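Structure, as structure tokens:
As the structure lists them, so they are numbered: ligands from 1, and atoms in each ligand from 1. Note that the structure is predicted; figures quoted are calculated from it, not measured.
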Amino acid sequence: MNKTIIVSNRLPLQIKIENDQLEVTPSVGGLATGLKSVHNDGKSLWIGWSGLTEEELSEARSKEVKKLVTAAKCDSVSLTQDDLENFYYGFSNRTLWPLFHYFMEYTEFDNDYWESYKAVNQKFADKVLEHLEDGDTVWVHDYQLLLLPKLIKEKMPNTTIGFFLHIPYPSYEIFRTFPWREELLHGMLGADLIGFHTYDYERHFLSSVKRILRLEVNFNEVTYHDRIVKVDSFPMGIDYDKFHDSASKHKTDKKSELQQRLDDHIQSGSDAKMILSIDRMDYTKGIPNRIRAFEYFLNKYPEYKEKVRLIMLAVPSRSNVPQYQKLKRDTDELVGRINGQFSTVSWTPIWYFYRSMPFENLIDLYTSSHVAMITPVRDGMNLVAKEYVATRTEQDGVLILSEMAGASKEMNESMLINPNNFEHIADTIKYALEMPLEEQKSRMKILQKRLKRYTVEKWAEEFMKSLHATKHLGAVIVANRLEKEIENNMLTEFNSAERRLFLLDYDGTLVAFKDNPIEASPDEQLYQLLDTLSANNKNDVVLISGRDRETFTHWFANKEYTLITDHGVWLKEEGKDWEALERLKNGWMENIKPILETFVDRTPGTFIEEKKYSLAWHYRKADPELAQIRTIEIDTVLTSLISNNDLSVLKGNKVIEIKSSSVNKGRASSRLLANNDYDFIFCIGDDWTDEYMFQELPKSAYTVKVGFKKTSAKYYVKDTDEVREVLHKFMA
Ligand SMILES: O=P(O)(O)OC[C@H]1O[C@H](O[C@H]2O[C@H](CO)[C@@H](O)[C@H](O)[C@H]2O)[C@H](O)[C@@H](O)[C@@H]1O
Ligand SMILES: O=c1ccn([C@@H]2O[C@H](COP(=O)(O)OP(=O)(O)O)[C@@H](O)[C@H]2O)c(=O)[nH]1
């Protein structure tokens, strides 16, 4: 039976040594709590770190840990103390975490951390490969394992791999500062589906992919080598029924000690209301800001003194990292100062717990609080906000939520605030405390409806559905890969043929693209290849290109091969002069050029290439997003201008060319066929302009596209290196 392997840094259980005994606790944090219900389906294996380092594990202990982990349908990756320091506290939490949460000033770029990050990702890959069988699916989670998809794909290319990022993906302006940005993107693109909590994170990622790797992105699909990688947003939900049912049951259950204390508090003042805040002790959660905003509220609305209390649960987290230690000190100090300043004999404004609480106590807190105040300065999702809503069985209560949390995108009926605007927060707290029950209910009802529908199971189900659908992506849009068997048939036909035609596009086919077209000149190896191919007198080698004839004269004058330039305007056969295949006018160019110039002025990095009978606007070096907008504009402007002039707008690879409608490579290649009787035709090209040839040539021709794109060619190869490998085979 095929299985799903979940991989995350932490396992759902954490093992510690307490009083020389192994102690098992559930992991805290949204990822572990959320995925637990997915893992419970019995068909999946979860790979992660157990919580103990190699140094803490004797041989006997290791066996014990193995037993515990296996019983929980998991397997653990063994990490050393050094890995923990450099990979987890270091690169994951002193580099990636702050950078991805827009805390540039906390971000450390350290080469040792990076080396350790790579090594530990490899350890995870080795562990996954130990278990991986054909047909299995792998679902990798979060920022600690960004390189893992690639490491698995390289070893087992047929594995379907999903990747989900639980934290924000920052804007390109932030991500570009990262020294190993290419490696991280390539690591993630090893997956077939990449998921984020929100559309904003998704578009930031796509923007980085376009700008940094310069890959082609079509809506939410990235063309990556010979694969399509799908990118989408899947906002993570919670196990709604678990929280809702526990809250209902909780009313009839025996009261916990905490609940007793909370009840006493509620009864101690006629109007006493509780405001709840729960987070890991993390600087992204905006804890000091929240305390200050509460202080601001008490000063602005002093009538609320003794009538309201902030209950703050901060769960210890990553306490080896200096910024977390400082945050703890700052929080202690703030709480101390405010309690000292405002407390009365019967009232302490802030109740502060620095520890984690068992599930039942969380339910106590959720159900006893009139208001939940969740105000992170940045947060991937925030499940606490959702859990609070799920426990409101009477549909009363108000959620105050930061618009910087991913959850805010789906929770419009909460009271959305900017965590830095104390004035607004203070007014919102007042509004929340005074909100009529009817309004509370109408807001809660809508919030609950969505959470109940889009649960964590639904989230995982949708992700998996989409992941499995990616298997069909390739087949729908591309030709067949030019594989060994086809190659063998092709070579057999080639060997028995007497008159063979090779129609070879130049840029993006024989030579890779360069920012400046003039730099994409032929290299020695290419000359040799083409010379040898055309030395066989059964072969007619034709270079057919959009390049102008001056450039080709410069590069290929005196060569034996035939040249066709300007998309089919000029033909030059060996030993002869250039001959015009089309009689063209170029008077239109002086009217169109100024228009293109306005686009050059407004689009940095673009330029005009002026050919004898056409104008080309190149945008390879431009900002890809701006260029995308400009290509639509340019197309609209030009289409209305050229309609009466027998001109057409041709979209090539990062270039738009305006030229006569009657010229294209298809027409030019048909002329060659009309004058010769070929019994073998091989035609290869990479862009839209080559499609004309693919369509015009007889069915028996071997038409080959370079790159994984929509095409009417029969076959495809990956890149220019593969083109050369194929051409070499015709010489053997
Ligand atoms: O494992 P730790 O270092 O102790 O940290 C706990 C987890 O924190 C992060 O949680 C994120 O995932 C949540 C669910 O998707 C999301 O709601 C929240 O906004 C994120 O911050 C982290 O991403 C996990 O990897 C950690 O395990
Ligand atoms: O003492 C606690 C406090 C919180 N949580 C859980 O920790 C998760 C926090 O997830 P969230 O997405 O809000 O933030 P993260 O910590 O993942 O950044 C929630 O499911 C909480 O129920 C917990 O297990 N023990």
#### Entry: Donor on one side chain, acceptor on other, S248 and D245, under 3.5 Å
no
### Query
Should one rank R318, R10, R280 by closest heavy-atom distance to atom 26 (C) of ligand 1, which comes out on top?
R318
### Task
Give the contacting part of W97 toward ligand 1: side chain, backbone, both or neither, where contact means a heavy-atom distance below 4.0 Å.
side chain
### Query
Y352 and D332: side-chain donor and acceptor closer than 3.5 Å?
yes
#### Entry: atom 5 (N) of ligand 2 - nearest protein heavy atom and its distance
L362 CD1, 3.9 Å
### Message
Judged on heavy-atom distance to atom 18 (O) of ligand 2, which of R280, R355, M381 sits nearest?
### Response
R280
### Query
Identify the closest protein heavy atom to atom 21 (C) of ligand 2: which residue and atom is it, and at what distance?
E387 OE1, 3.3 Å
### Summary
The closest protein heavy-atom partner of atom 6 (C) of ligand 2 is T33 CG2, 4.2 Å
### Query
Heavy atoms only: which of L31, D142, L145, N9 is nearest to atom 22 (C) of ligand 1?
D142
### Task
May I ask which of K285, K386, H166, Q14 has a heavy atom nearer to atom 12 (O) of ligand 1 than the others do?
H166
### Query
Parallel, tilted or perpendicular: which describes the rings of F463 and W139, with under 30° parallel and over 60° perpendicular?
parallel
### Which residue and heavy atom of the protein sit nearest atom 9 (C) of ligand 2, plus the separation
G30 N, 3.5 Å
### Message
For a quick check under 3.5 Å, do S27 and R10 share a side-chain donor-acceptor pair by atom type?
### Response
no
### Query
Does ligand 1 have a heavy atom under 4.0 Å from the side chain of M236, from its backbone, from both, or from neither?
side chain
### Query
Do R181's NZ or CZ and the ring of F178 fall within the cation-pi criteria of under 6.0 Å and 45°?
no
### Task
Name the orientation class of the two ring planes belonging to W49 and Y88 (parallel below 30°, tilted from 30 to 60°, perpendicular beyond 60°).
tilted
### Query
What's the shortest distance from atom 12 (O) of ligand 2 to any protein heavy atom, and which residue and atom give it?
L383 N, 2.9 Å
### Task
Classify the contact between Q144 and ligand 1 as side chain, backbone, both or neither, using a heavy-atom distance cut-off of under 4.0 Å.
side chain
## Note on the structure
So for V315 against ligand 2, with non-hydrogen atoms under 4.0 Å, the contacting part is side chain
### Task
Fit a plane to each ring of F353 and W351, take the angle between them on a 0 to 90° scale, and name the class: parallel (under 30°), tilted (30 to 60°) or perpendicular (over 60°).
perpendicular
### Message
Over 60° means perpendicular and under 30° means parallel, so tell me whether F124 and F87 are parallel, tilted or perpendicular.
### Response
tilted
